[in-house]
Every structure is written in structure tokens, then in C-alpha cells.
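One-based numbering along the sequence shown.
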Amino acid sequence: LPTKIHELVLGKFLACMALVSLALSLTFGLAIMVSQLGPVDWGPILSAYLATLLLAAAYTAIGLYVSSRCQSQIVSLIITTLICSAFYLIGENVVHDLLGNLTGEVLRQLGTGARFESISRGVLDFRDIYYYLSIACTFIVLNVYSLQKIRWSYDKPKASHKTLKMTTAFICLNLLVANIWLYKVNRARVDLTKNQQYSISDATRNIIEQLEEPLLIRGYFSERT
């Protein structure tokens, strides 16, 4: 008292993000120096900074929740590292190569590493941004609930306790399930690269619109594409 639990959780989260933002801002001078040596595509650079902040937000929220569940800071650090590493590794190609296409694609959508690479190449996809925000919001809500349970340990069971538990589960479930619903939304994206190299050009669109017969296209894609 007088600080409320949600204020405590959000305050600590924002403080961590402020520290991360300060650390990132100190590296921006390097990008400016490189731009003085030759032409630089600022789209991927700015996108990479955004991707780093989103990744940090998700991992910070996970770490704060784990910290609220552990008495030892060392144990909290180890568990947080394992959880965040698992989130990152399941989206890597090394894991996908061991599984089928469908399973690999599902894991790629769940992995923070694959989403990070997608944004940092210069393409802002709303699905990727929401993915990180949904993880951060989910663990922030769980953090509030975890600390609230500690307060309940000093009180008798009440109906409000069950209501908050159900509300927490409902919010977290909706935040995560929305990622499945957004999977088919593929138009909410912005290509920030200089020549929009990850988008279909206007010339190609005009040719497609003028086609009068079915056209068979064979595509050969590199790993970068």
C-alpha cells in the first residue's frame, strides 16, 4: 500500500523497457556512422529496432511473471532463460528440418525467432507485432494474478477470487487464440525496404490483371526470400 498490484506490475515492466530502450538508443550512432560511408536502407534498420523492442517486451513480461512465482532470483533467471530459449528455438530452421511441413509451419508461427527475422528484414506484418504484444500482455495479466494470489493467502476464500481467476483465464485465452484468427490476415503488412523487395511490383500486378488464360508459374525461392 498505497500502490495497487497492477500499478506495481506495469511500473516494473515499463521500467525494464525504459532500460532496454536506453541501451538500444546508444547503438543508433553506429547506424548513422555506417550511413555516412555509403547508401543504407533505413527500413530494415528501423524495423530491427522495433523487433528488438517487441522481443524484449515479450521476454521481460515472461521474466517478471516467473520472478513473481519464485523465491530465488537465481532460479527465476534460469527458468526465464529456459522458457525464452524454448520460444526462440522452436521457430528455428534446425527444428523444422526434423519435422514435416505442417508441423514445422505451426512451430514457426509459435517461435519468437522466426517472427523476429520477419520484422527485422524490413516487413512490418500486423500478425508478427500482435504476436509479441499478446505474449507480453498475457504474462503481465498472469503476473497480476500471481501477486493477487499471494494477497489472498491472508484472507478467507471469497467469490471475488474465483471471478478474478475466471477473468484472467478468459483474457489470456482470447489474447493467444487471436493469433490463430489473424493467421489468414495477410494484407495488414507494410514493406519498409527501399525498393519494396518483399512485395509484388505494380508492373507484375498489371500483367496479372491482363491475363486471359490460366498461367502456370514455377517459383524457385532462396532461404532469404
- Query: Under 3.5 Å, is there a donor-acceptor pair between the side chain of Thr80 and the main chain of Leu77?
  - Reply: no
SG (Cys70) and OH (Tyr65) are apart, to the nearest 0.5 Å, by 9.5 Å
In the structure I gave you, are the side-chain heavy atoms of Thr81 and Tyr59 within less than 4.5 Å of one another anywhere?
no
Note to self: Taking Gly63's backbone N and O only, do any of them form a donor-acceptor pair with Ser67's side chain (distance below 3.5 Å, no angle check)?
What the structure shows: no
- Walk me through it: do Asn143 and Phe13 pass the test side chain to side chain contact (heavy atoms under 4.5 Å, CB included)? CA-CA 10 Å; Asn143 194 357; Phe13 174 78; over 6 Å; no
Nearest heavy-atom approach of Lys149 to Arg69 is NZ-NH1, 4.4 Å
Does either side chain, that of Tyr49 or that of Thr27, offer a donor lying less than 3.5 Å from an acceptor on the other one? yes
Would you say Arg189's side chain and Phe126's backbone share a donor-acceptor pair under 3.5 angstrom?
no
- Message: Is it true that Ser134 and Asn179 share a donor-acceptor pair across their side chains at a distance under 3.5 Å?
- Response: yes
For this session: For the residue pair Leu46 and Phe28, establish whether any side-chain heavy-atom pair is separated by less than 4.5 Å.
Result: yes
Taken to the nearest 0.5 Å, the spacing of Leu8 CG from Thr3 OG1 works out to 7.0 Å
(message) Under the criterion side chain to side chain contact (heavy atoms under 4.5 Å, CB included), I'd like the reasoning laid out for Ile140 against Leu10: C-alpha separation, chi angles, the key distance, then a yes or no.
(response) CA-CA 8 Å; Ile140 287 176; Leu10 289 176; 4.1 Å; yes
Here the gap from Leu176 atom CG to Tyr131 atom OH, rounded to the nearest 0.5 Å, amounts to 9.5 Å
message: Using side-chain heavy atoms (C-beta onward) and a distance below 4.5 Å, is Leu82 in contact with Ser85?
response: no
Nearest heavy-atom contact between Ala136 and Ala61 is O-CB, 3.4 Å
request  = Check whether any side-chain N or O of Tyr132 sits under 3.5 Å from a backbone N or O of Phe116 as a donor-acceptor pair, and report yes or no.
outcome  = yes
Requested in this report: Determine, step by step, whether Ser21 and Leu24 satisfy the side chain to side chain contact (heavy atoms under 4.5 Å, CB included) criterion, reporting the C-alpha distance in whole Å, the side-chain angles of both residues, the deciding distance to 0.1 Å, and the verdict.
Outcome: CA-CA 5 Å; Ser21 300; Leu24 283 177; 5.7 Å; no
- prompt: So Gln109 and Arg115, side chain to side chain contact (heavy atoms under 4.5 Å, CB included) or not? Walk me through it.
  reply: CA-CA 7 Å; Gln109 296 298 322; Arg115 301 272 188 170; 3.0 Å; yes
Which class fits the ring pair Phe87 and Phe139: parallel under 30°, tilted 30 to 60°, perpendicular over 60°?
perpendicular
Taking every heavy atom of Ala51 against every heavy atom of Ser120, the minimum-distance pair comes out as CB-N, 4.3 Å
Original post:
Can you find a heavy atom in the side chain of Thr168 that is under 4.5 Å from one in the side chain of Leu142?
Top reply: yes
ask   = Regarding Arg121 and the six-membered ring of Tyr198, is the cationic atom NZ or CZ under 6.0 Å from the ring centre and inside 45° of its axis?
value = yes
Under a single-linkage definition using a 4.5 Å side-chain heavy-atom cutoff for Ile, Leu, Val, Met, Phe, Trp and Tyr, are Leu55 and Ile129 assigned to the same hydrophobic cluster? yes
- [ ] Could you check if a side-chain atom of Val123 sits within less than 4.5 angstrom of a side-chain atom of Leu192, using non-hydrogen atoms only?
- [x] no
Original post:
Is the backbone N or O of Thr193 less than 3.5 Å from a side-chain atom of Asp191, with the two atoms forming a donor-acceptor pair by type?
Top reply: yes
One should read off an interatomic distance between Leu124 CG and Arg127 CZ, to the nearest 0.5 angstrom, of 13.0 Å
Here the pair of heavy atoms bringing Ile90 nearest to Gly111 is CG1-CA, 3.7 Å
Discussion item. In this structure, would Tyr88 and Ile119 fall into the same cluster of hydrophobic residues linked by side-chain contacts under 4.5 Å?
Written reply: yes
Discussion item. Strictly distance-based, threshold 3.5 Å: is any side-chain N or O of Tyr130 a donor or acceptor partner for the main-chain N or O of Leu175?
Written reply: yes
Distance col, row Thr60:OG1 vs Lys12:NZ, nearest 0.5 angstrom, shows 11.0 Å
To the nearest 0.5 Å, atom CD of Gln148 lies from atom NZ of Lys165 at 14.0 Å
